[in-house]
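Okay, structure first, notes after.
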Amino acid sequence: GTGWQIVSYVPDYMVTDSIQDFAKTIGLSWVIAALLLLIILSLLLRTMLKDLPTIVNHVRQMEQGNLVSKMNINRKDEIGEIAQSIEQMGKLLNVQVQEMDFQAKFDSLTSLPNRSSVQRQLSIWIEEMRNTNHMIAVTFLDLDHFKQINDSKGYSYGDALLIQVAERVQHLLPEDSYFGRFGGDEFIVLLHSKKENFPLLRTTLTNVHHAFSKAFYLNKQAVFVTPSMGVSLYPTDADACEQLFVNADTALYKAKEAGR
């Protein structure tokens with residue numbers, strides 16, 4: 001202890017500059033780190049989302065009715081799972097659409113065209129053959145005493161008979177014919193030809209009628225049924241779809257009353 005004190009003076013700028021330089025270094029380090037993180041995230045997102053436009057385009061195609069196209073995205077991550085789920089959903093929707101379309105156009109029991117399909121086809125034929133040398137035969141056909149078969153044997157028995165009737169008649173018709181089921185035991189046959197070939201139409205319908213002389217076999221039992229048939233001709237009897245149906249239906253019930 002001499003009692004002396006030594007005081008050292010350091011200029012302010014030497015202290016503050018060092019602190020500022022340190023702060024700048026820290027700040028720059030954070031900026032660089034943040035930029036690197038953004039670059040890494042951008043690359044990751046670009047990799048993850050590179051197939052997103054393909055998925056969006058696929059969904060737009062589905063909206064337009066193309067439900068079964070493939071995206072060809074082979075990935076094991078969440079994006080791949082999303083793509084696979086969308087493709088699977090499209091397949092399921094396509095099956096449902098096809099089922100609905102079939103139900104709207106065809107009879108569920110016999111797979112024959114239903115009334116709306118027959119009416120649409122007849123309308124097409126009428127337009128195509130208007131003012132030509134062609135004629136159209138609209139034939140209603142139903143089974144005599146079919147209700148008694150249903151009541152005595154059961155509906156499954158009657159359904160099996162309808163299926164066999166549909167198959168037998170269809171095999172007798174030419175390729176350019178149109179054969180449908182209106183419901184119950186009522187069927188409809190559309191035939192067309194040039195007017196001079198009308199005897200061929202008559203022969204075809206006669207063969208259909210004669211085909212019922214052979215037995216149908218249900219549960220190994222022979223079953224005989226007879227048909228009644230009513231015919232309306234375009235353009236002789238009518239030139240409109242609904243009127244042709246009405247005339248054919250009237251002719252059918254006249255045939256029933258006559259016992260044919």
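Small disclaimer: the values here were computed from a predicted structure and weren't measured.
- The shortest side-chain heavy-atom distance between F216 and R168 falls under the 4.5 Å cut-off.
- The shortest side-chain heavy-atom distance between L218 and Q164 falls under the 4.5 Å cut-off.
- Of the possible polar contacts, none joining the H209 side chain to the L205 backbone as a donor-acceptor pair under 3.5 Å is found.
- Between V95 and K91 there is no side-chain heavy-atom pair separated by less than 4.5 Å.
- For the atom pair CG of L141 and CD of E186, the computed distance is 9.0 Å after rounding to the nearest 0.5 Å.
- Taking the six-membered ring where tryptophan is involved, the planes of F140 and F245 are tilted, since the angle between them lies from 30° to 60°.
- Taking the six-membered ring for Trp and the full ring otherwise, F224 and F212 have centroids separated by 6.0 Å or more.
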Using the rule given for side chain to side chain contact (heavy atoms under 4.5 Å, CB included), can you reason through R181 versus L162, listing the C-alpha separation, both sets of side-chain angles and the distance that settles it, and then say yes or no?
CA-CA 10 Å; R181 181 186 177 212; L162 292 174; 3.5 Å; yes
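- Formation of a donor-acceptor pair under 3.5 Å by the D237 side chain with backbone atoms of L233 is found in this model.
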For side chain to side chain contact (heavy atoms under 4.5 Å, CB included), just list the numbers for E167 and I163, CA-CA rounded to whole Å, side-chain angles, deciding distance to a tenth of an Å, and then say yes or no.
CA-CA 6 Å; E167 293 174 348; I163 292 172; 3.8 Å; yes
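- In this structure, S228 OG and E257 CD are separated by 10.5 Å, a value rounded to the nearest 0.5 Å.
- At a threshold of 4.5 Å between non-hydrogen side-chain atoms, the residues M129 and H192 count as touching.
- Counting non-hydrogen atoms of other residues, nucleotides and ligands closer than 6.0 Å to OH of Y217 gives a total of 12 or fewer.
- Summarising the geometry, atom CG belonging to N114 is positioned 11.5 Å from atom CD1 belonging to I188; distances are rounded to the nearest 0.5 Å.
- Remark: D142 CG to K256 NZ distance equals 3.5 Å, nearest 0.5 Å.
- Linking ILVMFWY residues whenever their side-chain heavy atoms come closer than 4.5 Å, directly or via other members, places V97 and I86 in the same cluster.
- Residues F106 and V118 do not share a hydrophobic cluster, clusters being chains of Ile/Leu/Val/Met/Phe/Trp/Tyr side chains in contact below 4.5 Å.
- Screening L201, N207, T206 for a side chain to side chain contact (heavy atoms under 4.5 Å, CB included) involving T203 leaves a single residue, N207.
- Between E196 and N133, the side chains place a donor N or O and an acceptor N or O closer than 3.5 Å (distance only, hydrogens not considered).
- Below 30°, between 30° and 60°, or above 60°: for W125 and Y178 the angle between ring planes is above 60°, a perpendicular geometry.
- Residues V246 and Y234 fall into different hydrophobic clusters, defined by Ile, Leu, Val, Met, Phe, Trp and Tyr side chains chained together at heavy-atom separations under 4.5 Å.
- Interatomic distance, CG of L244 versus CD1 of I126, reported as 5.0 Å (0.5 Å rounding).
- Residues L172 and T204 form no side-chain contact, since every pair of their non-hydrogen atoms from C-beta on lies 4.5 Å or further apart.
- Remark: the S117 side chain and the R120 side chain contain an N/O donor-acceptor pair separated by less than 3.5 Å.
- Remark: R130 CZ is packed, more than 12 non-hydrogen atoms of other residues, nucleotides or ligands lying under 6.0 Å away.
- Judged purely by atom type and a 3.5 angstrom limit, N197 has no side-chain atom pairing as donor or acceptor with the backbone of L200.
- Interatomic distance, CG of L112 versus CG of D107, reported as 6.5 Å (0.5 Å rounding).
- Aromatic pair F187/F179: centroids less than 6.0 angstrom apart.
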